[in-house]
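Each remark here refers to the structure printed beneath this line.
Each chain gets a letter, A, B and so on, in the order the sequences are listed, and its residues count up from 1. Since the structure is predicted, the reported quantities are computational estimates derived from the model, not experimental observations.
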Amino acid sequence: MKKVTNHPFAETLITWYKDHARDLPWRRTNDPYVIWLSEIILQQTRIAQGLPYFYTLTEAFPTVYDLAAADETTLFRHWQGLGYYSRARNLHKTAKHVVDMLDGKFPETYSELIKLPGVGPYTAAAIASFAFGEASPVVDGNVYRILARYFGIETDILHASARKEFTALAQELIPNSDPARFNQAIMEFGSLQCSPSPDCGSCPLISSCFAYREERVNQLPVKSKAKPQRIRHFQYFIIEQAGKVLVHQRQAKDIWQGLWEFFCVESPDLQEAINLHPFLSPLMGHAVALQAPGVHVLSHQKIISAAWLVQLPSNFKFEKPSDYQWILSSEFEQLGKPVLLLNLITDNIALKEILEG
DNA sequence: AACCCGGGGGT
DNA sequence: ACCCCAGGGTT
């Protein structure tokens, strides 16, 4: 079912986009690798936050071959601070798959792209359209917002059926001629014009917008509320001896999987932490309290933490936990850490000097 | 279908 | 304090 003429909605967006498009680096290329990399970075991430990481990563790994050959520890270190660290792991998986199984060439269709680890409906549509000109509509937070307002769609955008409904509508709207431009335009429009608190007075779609006409701009899109945050308490022990520090890489299905940290006990207070790990008891004679980070806030958790610096004499003997290892203090900088620990280090000069010389 | 996964910025 | 951000994976 080819569209001969475009929907007026699409025409207006494309016209608006000609005058308002930002000059973003991933819009200057057709390289599917660079587009893919940018899209993974931008998942649930604002452009301003992702941009420095885009420059760093494209410089460190200019091609998919470079990324596939990368050491995962190095990749995690580059991803440090960006959040949602499973993206980094899936990035590496997909790069290796593309190099090893696909001769370094990315799949060129939505239905093939979506099979890649870390590539879901949005990202597959984005790559298929931007790199290969396929008319698959992107449906991201911007698109939900614009379509819900303009067409008066009441479906809860967190409901399972929402994606299907909004995608079907977007599929009707996307032109067969330069679908990539439409996808860029609708997201840019959502970001700059039809934002969560929009400036309807300057909107080119004001005369035909359902939400504006019905005075329901601030009620659309409908989105159910997030559940309250879980409160957690972490006790950190920076155990240092003979120029080395005790660390481990978080592995459990939990926050910060793949990142590195100091000896950590999840407990509301020091005494309970010691009771849980009796080897700590004789160490505490060498411990000094560090300035604790403030409450560290994640999307669904609040982490309240405390930390002790434990500098042990060389002849001090104790049995370290089996899942922890010693590394040179100076090498800690090279590992990917949670921002909570970056803040802890920044706020404590003594710690900073141990770890950064 | 429900739940989990970061960090930062706007209001 | 709450919302949102160029979402995706697991169970």
Quiz item: So does A:Y84 reach the base of B:dG6 with its side chain, donor to acceptor, closer than 3.5 Å?
Solution: yes

Practice problem: Would you mind classifying the nucleic acid contact of A:Q184 as base, sugar-phosphate or nothing, using non-hydrogen atoms under 4.0 angstrom? | Solution: base

Show me the side-chain donor-acceptor pairs of residues 29-43 of chain A shorter than 3.5 Å, one per line, residues at least two apart or across chains.
| from | atom 1 | to | atom 2 | distance (Å) |
| --- | --- | --- | --- | --- |
| A:T29 | OG1 | A:D31 | N | 2.9 |
| A:D31 | OD1 | A:Y33 | N | 2.9 |
| A:Y33 | OH | A:F61 | O | 2.6 |
| A:Y33 | OH | A:T63 | O | 3.4 |
| A:S38 | OG | A:I35 | O | 2.8 |
| A:E39 | OE1 | A:Y122 | OH | 2.7 |
| A:Q43 | NE2 | A:G118 | O | 3.2 |
| A:Q43 | NE2 | A:T123 | OG1 | 3.0 |

Exercise. Toss me the dot-bracket line for DNA chain B: Watson-Crick and G-U wobble, both under 3.5 Å, 5' to 3', using | for pairs to another strand and [ ] for crossers.
Key: |||||.|||||

Quiz item: Taking atom types as modelled, is there a side-chain donor on A:R145 or A:N142 under 3.5 Å from an acceptor on the other?
Solution: yes

Self-check item: Euclidean distance, atom CG of residue A:D140 to atom C1' of C:dC5 [Å, nearest integer]
Solution: 9 Å

Practice problem: Would you please classify the geometry between the A:Y324 ring and the A:H248 ring as parallel, tilted or perpendicular, with 30° and 60° separating the classes? | Solution: parallel

Self-check item: Whole-Å gap separating P (B:dG6) and NE2 (A:H78)
Solution: 20 Å

Quiz item: A:Q229 has an atom CD; how far is it from atom P of B:dC3, in whole Å?
Solution: 16 Å

Quiz item: Quick one: the side chain of A:S299 and the base of B:dG6, do they pair up donor-acceptor inside 3.5 Å?
Solution: yes

Quiz item: Considering only heavy atoms, which members of residues 42-50 of chain A lie under 4.0 Å from some atom of DNA chain B?
Solution: A:Q44, A:T45, A:R46, A:Q49

Practice problem: Inspect the contact between A:E261 and A:K337 and indicate whether a charged nitrogen and a carboxylate oxygen are less than 4.0 angstrom apart. | Solution: no

Quiz item: Looking for any heavy atom pair under 4.0 Å, which part of the strands does A:T123 touch: base, sugar-phosphate only, or nothing?
Solution: sugar-phosphate

Practice problem: Rounded to whole angstrom, note down the C1' distance from C:dG8 over to B:dG9. | Solution: 22 Å

